Amino acid sequence: MIALVDCNNFFCSCERVFNPALQGKPIVVLSNNDGCIISRSEEAKALGIPMGAPLHEQQEVIRKHDVQVFSSNYTLYGDMSARVMSILREEVTTIEVYSIDEAFLKLTGNFDEEMARALRAKILQWTGIPVCIGIGSTKLLAKIANRHAKKNKTLTGGVFDLASYWDPEGILADTPTDGLWGVGKNLAQRLKGMDITTALGFQQADPAAIRTSMGVVGERMLRELNGISCLELEEVPPDRKGVMASRSFGSPVETLEELEEALANHVARASEKIRRYGLLATRLEVFIKTNRFRKDDPQYSRGIAITLDRPTNGTAELMAVARELLQRIYRPGYRYKKTGVQLVHLVDEDAYQPGLFDAPKANRIDLDKIIDEINRRLGDPKNPVITRASQGTQRSGSGGKGWQMKAERHSPHYTTDWNQLPEAKNSVI
DNA sequence: TCTGGGGTCCTAGGACCC
DNA sequence: TCTGGGGTCCTAGGACCC
């Protein structure tokens with residue numbers, strides 16, 4: 001059995017913990033740029049404020065009903081999350097922290113609905129955060145149970161065990177496919193085309209038909225609905241594939257200088273993040289885009305990536321590369337809305353051995369060359385603008401967990417010569 | 001006028017390699 | 001007219017998640 005513990009209106013609940021006067025009042029929490037509403041209290045939901053709604057579209061309701069509006073405070077939410085998770089860890093040995101406000105628990109034989117109710121009360125008492133708990137024989141069924149618990153809180157008291165319920169099919173029949181975990185707008189539409197609109201219909205569908213129209217993803221969900229576990233509990237989160245830092249501009253930006261300034265911030269944040277994780281990046285990507293909501297504006301969206309000749313997490317050298325990349329894709333005459341950077345092909349700093357780094361010969365950016373170039377242009381030789389980042393721990397001998405990158409084949413996208421970087425394609429739509 | 005950020009996985013076509 | 005097969009890596013975009 002699997003339990004899904006999900007915090008209710010998590011960000012709003014966190015704000016209330018530190019301001020109990022907000023109890024019972026409609027409140028919302030905003031996205032990063034204060035652009036969208038990403039968390040709503042029950043009272044705010046009752047006013048018809050939709051999830052993800054742009055703030056400016058809701059100003060009327062907010063004013064009329066005196067809805068309290070908060071900018072997001074991720075430090076606070078992360079801290080509250082850690083408190084909730086630590087309580088869960090005391091309860092069971094196997095737990096997957098799925099997101100900031102959700103965790104799957106692997107239940108041992110004696111864990112029943114009553115224990116779940118006690119756990120829920122304990123979390124509320126110790127942290128002030130209300131949660132709902134759903135129990136099922138697979139992750140997907142636990143998700144469905146959780147949804148039912150949340151939708152019928154007065155009836156369920158926030159806890160629902162689908163596995164021991166007398167009429168599980170009734171619950172599935174009550175769950176629309178577009179409320180299913182893993183089914184978005186598109187897959188819901190595809191299912192509708194097969195006359196499937198509820199989880200029950202999905203559960204009883206022909207496996208071959210599901211396989212054909214939805215591929216392995218659909219088949220996995222079908223099995224999970226039938227109590228055959230296909231999604232394992234991941235106790236240890238898999239290695240991170242990449243780190244991104246991006247922001248939208250409050251008002252459109254047109255000059256290269258403004259984009260560079262923003263990008264410098266993003267590179268600083270991204271590199272700081274990988275240093276904290278003890279990682280090095282071997283590849284860097286920069287992108288810029290115009291405002292897709294302004295249909296009348298000419299649109300431009302482009303990204304460019306480059307493989308580095310050695311892994312690094314040094315802010316200055318990554319910034320130098322990012323700036324060069326930005327110049328390659330920047331086109332004047334557009335109103336830019338967003339820019340960002342991605343550090344990918346991450347390597348564990350401790351496992352990295354320079355001798356083992358089999359970087360491509362022709363298709364790479366020579367970091368030192370760039371650094372020298374920039375220092376020559378901007379700096380005084382005794383006092384370089386940019387210095388090389390440390391290269392991690394040099395290991396002796398061949399023992400230990402060596403990291404080896406597969407040699408890359410020649411590709412026209414990569415060159416050591418900046419002047420030979422590919423011209424931006426005409427992306428005007 | 002204003003409409004988030006950070007992820008994963010998948011697909012498809014082109015370039016390239018052997 | 002017909003014109004390999006199998007693989008990787010690239011870019012770009014879609015779909016989904018919270």
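Predicted model, so just to flag it, every value in this text is computed and none were measured. Each chain gets a letter, A, B and so on, in the order its sequence line appears, and its residues count up from 1.
Applying the side-chain hydrogen bond (donor to acceptor under 3.5 Å, both in side chains) rule to A:Thr198 yields no partners; only residues at least two apart in sequence or on another chain are considered. Residues satisfying the side-chain hydrogen bond (donor to acceptor under 3.5 Å, both in side chains) test with A:Asp34, not counting sequence neighbours, are A:Ser71.
The residue A:Gln59 sits apart from the nucleic acid: no heavy atom pair falls under 4.0 Å.
In this structure, A:Phe18 and A:Asn73 have side chains that are not in contact, with every pair of non-hydrogen atoms separated by 4.5 Å or more.
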Sequence neighbours excluded and cut-off under 3.5 Å, please list the side-chain donor-acceptor pairs for residues 56-65 of chain A, or say none.
| residue | atom | partner | partner atom | Å |
| --- | --- | --- | --- | --- |
| A:His65 | ND1 | A:Val61 | O | 3.3 |

Donor-acceptor list for residues 140-163 of chain A side chains, cut-off 3.5 Å, not counting sequence neighbours:
| residue | atom | partner | partner atom | Å |
| --- | --- | --- | --- | --- |
| A:Lys143 | NZ | A:Glu102 | OE1 | 2.6 |
| A:Asn146 | ND2 | A:Leu4 | O | 2.8 |
| A:Asn146 | ND2 | A:Cys132 | O | 3.0 |
| A:His148 | ND1 | A:Asn152 | ND2 | 3.2 |
| A:Lys150 | NZ | A:Asp6 | OD1 | 3.3 |
| A:Asn152 | ND2 | A:His148 | O | 2.9 |
| A:Thr156 | OG1 | A:Ala149 | O | 2.9 |
| A:Thr156 | OG1 | A:Asn152 | O | 2.9 |
| A:Thr156 | OG1 | A:Gly158 | N | 3.1 |
| A:Asp161 | OD1 | A:Ala163 | N | 3.0 |
| A:Asp161 | OD1 | A:Ser164 | N | 3.4 |
| A:Asp161 | OD2 | A:Ser164 | OG | 2.8 |

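For A:Lys289, the NZ atom sits in a loose shell: 12 or fewer heavy atoms of surrounding residues, nucleotides or ligands are nearer than 6.0 Å. No more than 12 heavy atoms of other residues, nucleotides or ligands sit less than 6.0 Å from atom CZ of A:Arg223. Within a 6.0 Å radius of NZ in A:Lys106, other residues, nucleotides and ligands contribute 12 heavy atoms or fewer.
For the C1' atoms, the distance from C:dG4 to B:dC16 is 15 Å, rounded to whole Å.
Close to C:dA15, at under 4.0 Å from its OP1 or OP2, lies a side-chain N or O of A:Asn186. Between A:Arg294 and B:dT1 there is no side-chain N or O to OP1 or OP2 distance below 4.0 Å. Regarding contacts with the backbone of B:dC2, every side-chain N or O of A:Ser251 stays at 4.0 angstrom or more from both OP1 and OP2.
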Enumerate the protein-to-nucleotides 11-13 of chain B contacts in which both atoms are nitrogen or oxygen and the separation is below 3.5 Å.
none

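A stem is defined here as three or more consecutive Watson-Crick or G-U pairs, each with both distances under 3.5 Å; for DNA chain B these stems are B:5-18 with C:5-18.
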